[in-house]
Amino acid sequence: MKRDVRILLLGEAQVGKTSLILSLVGEEFPAEVPPRAEEITIPADVTPEKVPTHIVDYSEAEQTAEELQEEIDKANVVCVVYDVSEEATIEKIRTKWIPLVNGGTERGPRVPIILVGNKSDLRAGSSMEAVLPIMSQFPEIETCVECSAKNLRNISELFYYAQKAVLHPTAPLYDPEAKQLRPACVQALTRIFRLSDQDLDQALSDEELNAFQKSCFGHPLAPQALEDVKTVVCKNVAGGVREDRLTLDGFLFLNTLFIQRGRHETTWTILRRFGYGDTLELTLDYLAPPLHVPPGCSTELNHFGYQFVQRVFEKHDQDHDGSLSPVELDSFFSVFPAAPWGSQLPLEVPTEAGRLPLHGYLCQWTLVTYLDVRRCLEHLGYLGYPTLCERDSQAHAITVTREKRLDQEKGQTQRNVLLCKVVGARGVGKSAFLQAFLGRRLGRQDRRESPEEPAVYAINTVQVNGQEKYLILCEVSADSLLAAAPDAACDVACLMFDGSDPGSFAFCASVYKRHYMDGQTPCLFVSSKADLPEGISPPGLSPAEFCRRHRLPAPAPFSASPAKLSTAVFTRLAAMATFPHLAHGELHSTSFWLRVTLGVIGAAVTAVLSFSLYRALVKTR
Ligand code: GTP
Ligand code: MG
């Protein structure tokens with residue numbers, strides 16, 4: 001976040017630029033000065049804002065116009081120095097120096113300027129009268145300061161103001177001509193207000209204000225300070241305080257006041273704590289914190305993550321009916337730049353009559369975290385996770401699971417979210433299978449809820465050995481598995497064929513042979529449309545025979561029709577994904593134990609034999 005600050009001193013000859021720099025460094029007025037001081041770097045720890053600071057001098061005698069322009073381009077802030085005892089040097093600020101610094105840029109970012117009146121020891125009064133009109137003409141002038149290199153007056157202050165102008169610039173926040181906050185600043189502060197308004201009553205209670213204060217500044221407000229704040233707001237803004245709570249108008253007024261009083265670093269602290277950068281947009285550092293996910297690992301929300309998103313849900317479930325209505329969902333979306341979840345949502349997670357219940361909401365978070373953890377981090381960022389949970393980043397809400405290879409070695413997984421690919425030829429009933437998983441029966445889909453594109457994913461929970469697991473079904477189209485390098489990886493494969501049309505089995509069988517036969521992924525063949533009469537198998541291996549030969553469990557019948565719908569197959573898939581070594585059915589596990597037993601007997605026999613052999617050898621000697 002913190003970067004170097006480069007301060008350039010400009011101004012007419014002999015105004016004291018070089019003397020100011022040398023006075024700062026040597027802490028005494030130099031009797032003799034060179035035309036130009038060497039560039040100096042002040043280490044971060046000795047500057048007030050703790051950033052490395054470079055101070056650069058300029059001398060007309062030593063530098064060309066091109067060199068001057070180069071230095072201006074590199075500077076983060078320019079101090080235009082004048083001599084308080086020489087009116088002519090003041091006039092040049094307007095006619096020469098400011099146009100030189102910011103003349104090239106019509107609109108857009110301007111370099112902040114500090115006006116520095118040097119040699120205050122030579123003048124009794126102040127030069128303010130001459131300087132104020134210039135300040136109101138050029139909004140990029142952050143402030144002005146009178147000082148003396150000779151008396152060492154205001155020297156460190158001058159460099160502090162320069163640093164502050166770079167680190168906490170006023171320009172992006174405040175329009176000095178209109179005397180109000182700029183729109184981008186209002187927008188950012190409004191989002192911060194919404195996030196801090198935990199009960200969504202459009203006002204901040206004492207408790208909410210204190211939590212806000214604590215997350216931004218590390219400590220709550222003293223009770224008296226809290227009352228003082230509300231009193232000031234009350235006096236100045238109609239409707240700024242309502243029922244002893246601070247409204248959005250009041251909150252915006254407070255920030256305007258900070259800035260007008262030169263305390264804009266306070267507003268910057270608030271904005272930065274909530275992730276905003278210099279351009280008042282959420283920074284990449286904030287939205288995309290580093291999270292290392294090695295190959296073969298998956299991503300899940302952990303306990304903290306679920307707790308946080310559930311709290312957000314409860315905040316927006318204003319009627320406390322345990323689900324979000326479309327209006328409540330919009331209110332949830334309001335702190336995002338665009339709706340985070342699209343029209344696919346109702347097809348991917350369990351919903352109830354057009355509302356999103358907590359269960360479906362948690363399913364959706366789980367799905368996004370698993371499929372696209374970057375997007376999940378971004379979403380948690382928009383919801384203010386790092387600030388509201390007082391954590392370094394929202395990566396704190398994510399668990400990266402151990403490598404799948406290790407799961408396979410141990411024959412068990414610690415994952416709570418499992419992926420099942422549902423593979424099958426066109427029309428075998430994959431989409432109906434996905435929808436049945438969400439509790440939707442064939443022919444009873446709500447028209448409004450089903451856009452043209454069928455969902456690729458469906459997620460729900462399943463009990464495995466008394467433990468709740470999330471199972472993601474992913475529909476894989478027939479064509480995509482024939483592509484050059486298809487991604488067939490998953491925790492369990494569901495190979496679906498149409499039981500009423502056994503001809504569709506051939507495709508499944510070839511996918512199995514091509515992608516799963518030699519791997520470790522457990523596979524289950526599912527014979528769909530079990531409510532229809534069984535079709536006649538073409539010549540060759542029947543599905544049941546094929547499974548027997550490949551030591552696979554027999555095909556599981558499934559029907560999505562209301563009368564025959566059974567969810568047993570989903571539980572079975574989840575169990576196979578959780579305990580992959582048991583997945584090949586009893587036959588396989590018996591042979592496993594048989595092998596172990598034979599191995600032990602074998603070892604014992606060898607030991608006995610070699611002992612007898614040894615005795616035999618000894619005897620012959
Ligand atoms: P150029 O390098 O020619 O652009 O000038 P400069 O802006 O670097 O000025 P410099 O520091 O060389 O100072 C010019 C003269 O003003 C020197 O004689 C300094 O001693 C004197 N001077 C600088 N600062 C002060 C001050 O605060 N008070 C008084 N009385 N004299 C000062
Ligand atoms: Mg000089």
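Not measured: the values here are computed from a predicted model. Counting starts at 1 for both ligands and their atoms, following the listed order. Values below: all heavy atoms of this structure, side chains included; hydrogens, waters and symmetry mates excluded.
- At least one N, O or S atom of T18, from either the backbone or the side chain, sits less than 2.8 Å from the Mg ion (ligand 2).
- Of the protein's non-hydrogen atoms, the one nearest atom 28 (N) of ligand 1 is D121 OD1, 2.8 Å.
- Close approach to K150 involves these atoms of ligand 1, each under 4.0 Å from a residue heavy atom: 26 (C), 27 (O), 28 (N), 29 (C), 30 (N).
- At a heavy-atom distance under 4.0 Å, no atom of L22 approaches ligand 1.
- Separation of atoms CD (E157) and OH (Y161) is listed at 6.5 Å; rounding is to 0.5 Å.
- Compare P34, G16, S19 by their heavy atoms: the one nearest to atom 19 (C) of ligand 1 is in S19.
- Looking only at heavy atoms of the protein, atom 27 (O) of ligand 1 is closest to A149 N, 2.8 Å.
- For ligand 1, the atoms lying closer than 4.0 Å to a non-hydrogen atom of L122 are 30 (N).
- Ranking protein heavy atoms by distance to atom 16 (O) of ligand 1, first place goes to K119 NZ, 3.1 Å.
- Remark: minimum distance from atom 8 (O) of ligand 1 to any protein heavy atom is reached at T18 OG1, 2.6 Å.
- Atom 20 (O) of ligand 1 has F29 CZ, 3.3 Å as its closest protein atom, hydrogens excluded (heavy atom only).
- With hydrogens left out, the protein atom closest to atom 15 (C) of ligand 1 is Q14 OE1, 3.6 Å, a heavy atom.
- Proximity to V15 (heavy-atom distance under 4.0 Å) selects the following atoms of ligand 1: 7 (O), 9 (O).
- For the pairing with I141, the side chain to side chain contact (heavy atoms under 4.5 Å, CB included) check across I98, I93, I114, V80 returns one residue only, I98.
- In this structure a side-chain-to-backbone donor-acceptor pair under 3.5 Å is present from E146 to S127.
- Contact annotation for V33 and ligand 1: only side-chain heavy atoms (C-beta onward) come within less than 4.0 Å of the ligand.
- Note: Y361 and W365 have perpendicular aromatic rings, judged against thresholds of 30 and 60 degrees for the angle between ring planes.
- Looking at S298 and T401, their side chains do bring a donor and an acceptor atom within 3.5 Å of each other.
- At least one protein heavy atom sits closer than 4.0 Å to atom 4 (O) of ligand 1.
- With respect to atom 24 (N) of ligand 1, the closest heavy atom belonging to the protein is N118 ND2, 3.2 Å.
- Taking the ring centre of F212 as origin, the terminal cationic atom of R273 falls outside the region bounded by 6.0 Å and 45° from the ring axis.
- Here the two rings, on F258 and H264, have centers that are 6.0 Å apart or farther.
- For the pair N210 (side chain) and L221 (backbone), a donor-acceptor distance under 3.5 Å is present.
- Considering K315, R311, R245 as possible partners of D199, the one that fulfils the salt bridge (Lys or Arg N to Asp or Glu O under 4.0 Å) test is R245.
- Regarding atom 2 (O) of ligand 1, its nearest protein heavy-atom neighbour is P35 O, 2.9 Å.
- Under 2.8 Å from the Mg ion (ligand 2) lies no N/O/S atom of K17, from backbone or side chain alike.
- Under the 4.0 angstrom criterion for non-hydrogen atoms, E60 is not in contact with ligand 1.
- D197 places a side-chain N or O within 3.5 Å of a backbone atom of Q202 that can act as its donor or acceptor partner.
- Between the CG atom in L301 and the CD atom in Q307 there is a gap of 12.0 Å [rounded to 0.5 Å].
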